[in-house]
Amino acid sequence: MPLDETPFGLPVAFDHISSQLKALWDSDSERTRASRLNFVLYCQGSDSLKANTELISRFVRSHACRAILLGDCPSAGPSKVSAWIQAHCHLTKAGAKEICSEQITILGEGLSEDGVANALMSNLDYDLPLNVWWQAPFPKLPTSPIWARVDRLIFDSLSWVDPSEELHRLDLIKAKSNPQMTVADINWTRTMALRQAVAQCFDMPQLLAEIPRLNRLEVRHSPDSRITALLLVCWFAAQLGWMLEHTSEGEISFRDSKGATVIVTLLHSPNDSVSGVTVRSPDSSLTLERTRGSSLFLAAIKTPAGTSETHFPGGNLETTALLCEELTPGLRHRVYQKAAAILELLLP
Amino acid sequence: MNSTPSQPPNPLKEGLSSRPLPRPCNIVIFGASGDLTYRKLIPALYNIEADGDLPATTHVTGFARRPKSDESFQHELGDALSKFSRSGRSEEIWKDFSSRVHYHASEFSNAEGYRTLAARLDALDKESGTAGNRLFYLSVGPSEFEGILTQLGDAGLNKTSDGAWARVIVEKPFGRDRHTAHDLNEKVSKVFAEKDTYRIDHYLGKETAQNIMVLRFANSIFEPLWNHRYIDHIQITAAEPMGVEARGPYYESSGALRDMVQNHLTQILCLLTMEPPADLSADSVRDEKLKVVRALRKMTPEQVACNVVRAQYAAGVVDGTDVLGYKSEERVSPQSETETYVAYRTYIDNWRWDGVPIYVRVGKRMPKHGTEIAIYFKETPGVLFNAQHAGLGPNVLVFRIQPDEGLSLLIQSKRPGAQLAIEPVKMDFHYKTSFGKPSPEAYERLLLDAMSGDATLFARRDEVDAAWTFIDCIEQAWHNQPNPPPMASYPAGSWGPKEADDLLASDGRVWRRL
């Protein structure tokens, strides 16, 4: 049986997905099916199905999974579901084995919220954790039973049209969800390399001693990455105990734990995402800058003891890499919750 | 964890990592011109840097006898890095990293060399703010340990300012018997406190070795079965096709038992059989490992003759190539009595493992490379299926430590069809299949741990001492008794001598095929 007849694989009847998948694997004994999680990618419309299929094919190289791509198309007519199955295979490093993950693509037209939930839940791989990337505005009222089943809810706040409303809806989902559900913002991960580099620089005793005296923060970002820049600002505020004092379009002021003012400025930059940050005290400064095309941040540190420069990994801003990073277990989401609480205060 | 804060905590690091973060420090590698530095240590440090985990102010100083400039040392390391780094070499990262790599030429016994080293490290501390934190890596033969440690102490390099730390990493072999290990421990302890002494065993840095504890204590299904009531026996195998290569003189003074069993395999055995620790702190884990080593049954010379097989490889064929026998290897005595293979049966005399034989074999010039642990569960009662089908095999749980790290479980299953036929099937977990991300090298994990003050994966003094007590019984039976057990022989490229097969056959068992 050929594995790829359309960009989404082999068309199958919705109620035959399981049996067709089984037939697909039975027909090919040379390949090893691997799966350690369910990865559901929910999007609205059919336009992004192809790009998301390409993303999944890259993602499964490091995260063997059952991927379910669901395109949800509103329709006035009767509901209709189309489905396809395909395998994404790659050779292991040694080249000895071909490892495959399976993708189910579902295009739902005119489905109710319960219909979407049913389409997903009837195709999950038993017992494996459920990771959902919600590539659409969150529902106003999260009534779908799927929310109680999600182990990790992934989203990208960079794509939000109304961040304040989305944060509110996210709170509603969290209230309905499994209490253990992890919230994973791809946009937060975009700032991770920068946060790590900043934190590493503050290991230097001369800079560490300046933390109580920090009074200015500048963040340079591309015009469409304001929300990413704000997340970085919120990280500083959450970690250093700054309290919001005042916010305007170009400037934000916080009070530190001793009551002194910290001024934050957001500056546009021609480079991608958040490309640089400068943090200052009266006597010292740290500037981290990613130049266009470089994979590294250059850190320039000035203290009364002298100046120095060093490089740090700049992280990978490619979506697959960010997604893979998000699925690595860790403690960073606790910090995200603190930062997101401050973000809600900063948003109009 | 044994972290000793050298400065106030950095609030910006909170939540960035789920593991203790390393502190900025100066790392000094003694024996910097050796293979380990080029193949493992520098690539490990470089990869830590490339992953963004190496504090930016950390400096590395190589200490060795040969005169060399910083630049030529950096150049040589750069060449080696291209060959041995798992992540390749990025010029920008290497430029940064190598600018913090230095070379200090001195004889190990030259006090002046240590005084100038101290001055150099003080200057680096001032320049980069490493706060006086120092990590000394003794990548040298054991005969050099004492001299280096004494000189470090005399130069005051073991002493630290307020809140800073000075730690030493010691490579195996840590002694060649209990007596010499005790002497070495005494010498180390005069210079470094036990909490600052890190005896490295790179096997414990491997993913599967670390996964032994996770599998046992993060899953509820295994621990109830993990005892003499359900486990029939355990087999541990460490096989390698390589001979002694250029290590003839070292190997002649060591042998398979000292080289592999006293450290690597005993550590693995401890993780496999220890009681659950009270918590995951270094000392809680090491307390439990120590109890296992102390409970290993000590053998009399007569018991050694019955339970231990030693052998040397003879000429044979490995990987399609004719190879020499051990006694014909370069710089090996033609009358050598050093074992290149050892197999033994041992018992852990405690409540949990009463009567469960543990078979261990390790050898050079084996047909293939592989280290694994196989847990053989007891067979089902001789009724029902076991009555109808003679020779239903046991369930076997296998930990593959290297290569192709992973786990497998052998279970019995009905073969499809009207006839009742039962066959074993294997459920297999491969790290590379399930987790596409490559595992970090063992040395990366262990160096990070040492910089972070986490000694969980390093051997403590009393563990080493207890392991030697077990090993010494065997060595003494071989070398200090009037009628020692004979040295067996096996052709290179085979799975060891017939005597080793007979050892298991006497219990009605066979070695696992790798």
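What you are looking at is a predicted structure, and each value in this text was computed from that prediction instead of being measured. Lettering of chains follows the sequences in order, A, B, ..., and the numbering in each one begins at 1.
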Worksheet entry | Heavy atoms of other groups near B/His75 NE2, more than 12 under 6.0 Å | no

Worksheet item: What do you reckon, is NZ of B/Lys368 surrounded by more than 12 foreign heavy atoms closer than 6.0 Å?
Response: no

Worksheet entry | salt bridge (charged side-chain N to carboxylate O under 4.0 Å, His left out) contacts in which one or both residues fall within residues 211-223 of chain B, not counting sequence neighbours | B/Arg216-B/Glu223, B/Glu223-B/Arg352

Worksheet, complete the sentence: To the nearest 0.5 Å, atom CG of A/Leu296 lies from atom CD of B/Glu91 at 11.5 Å

Worksheet item: Between CZ of A/Phe312 and CD1 of B/Ile93, what distance do you get to the nearest 0.5 Å?
Response: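 Taking CZ in A/Phe312 and CD1 in B/Ile93, the distance rounds to 11.5 Å.
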
Worksheet item: Is there a donor-acceptor pair under 3.5 Å between the side chain of B/Asn10 and the backbone N or O of A/Ala199?
Response: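 At least one qualifying donor-acceptor pair exists.
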
Fill in: Any donor-acceptor pair under 3.5 Å from A/Gln200 side chain to B/Gly52 backbone
yes

Discussion item. Run the side chain to side chain contact (heavy atoms under 4.5 Å, CB included) test against A/Ala184 and tell me which residues pass, sequence neighbours left out.
Written reply: A/Arg152, A/Ile154, A/Glu326, A/His333

Under a 4.5 Å cut-off applied to non-hydrogen side-chain atoms, are [X] and [Y] in contact?
| X | Y | answer |
| --- | --- | --- |
| B/Asp96 | A/Glu309 | no |
| B/Asp51 | A/Pro313 | no |
| B/Glu14 | A/Lys338 | yes |
| A/Met204 | B/Pro24 | no |

Fill in: Contact origin within A/Leu207 toward chain B - heavy atom pairs under 4.5 Å
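The answer is neither part of A/Leu207.
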
Practice prompt. Begin from the C-alpha positions of B/Thr57 and A/Asp203 and carry the test side chain to side chain contact (heavy atoms under 4.5 Å, CB included) through to its verdict.
Written response: CA-CA 8 Å; B/Thr57 49; A/Asp203 267 343; 5.5 Å; no

Item to complete: I would like to know whether A/Trp235 and B/Leu12 meet side chain to side chain contact (heavy atoms under 4.5 Å, CB included); could you show each step before the answer?
Response: CA-CA 9 Å; A/Trp235 172 69; B/Leu12 293 166; 3.8 Å; yes

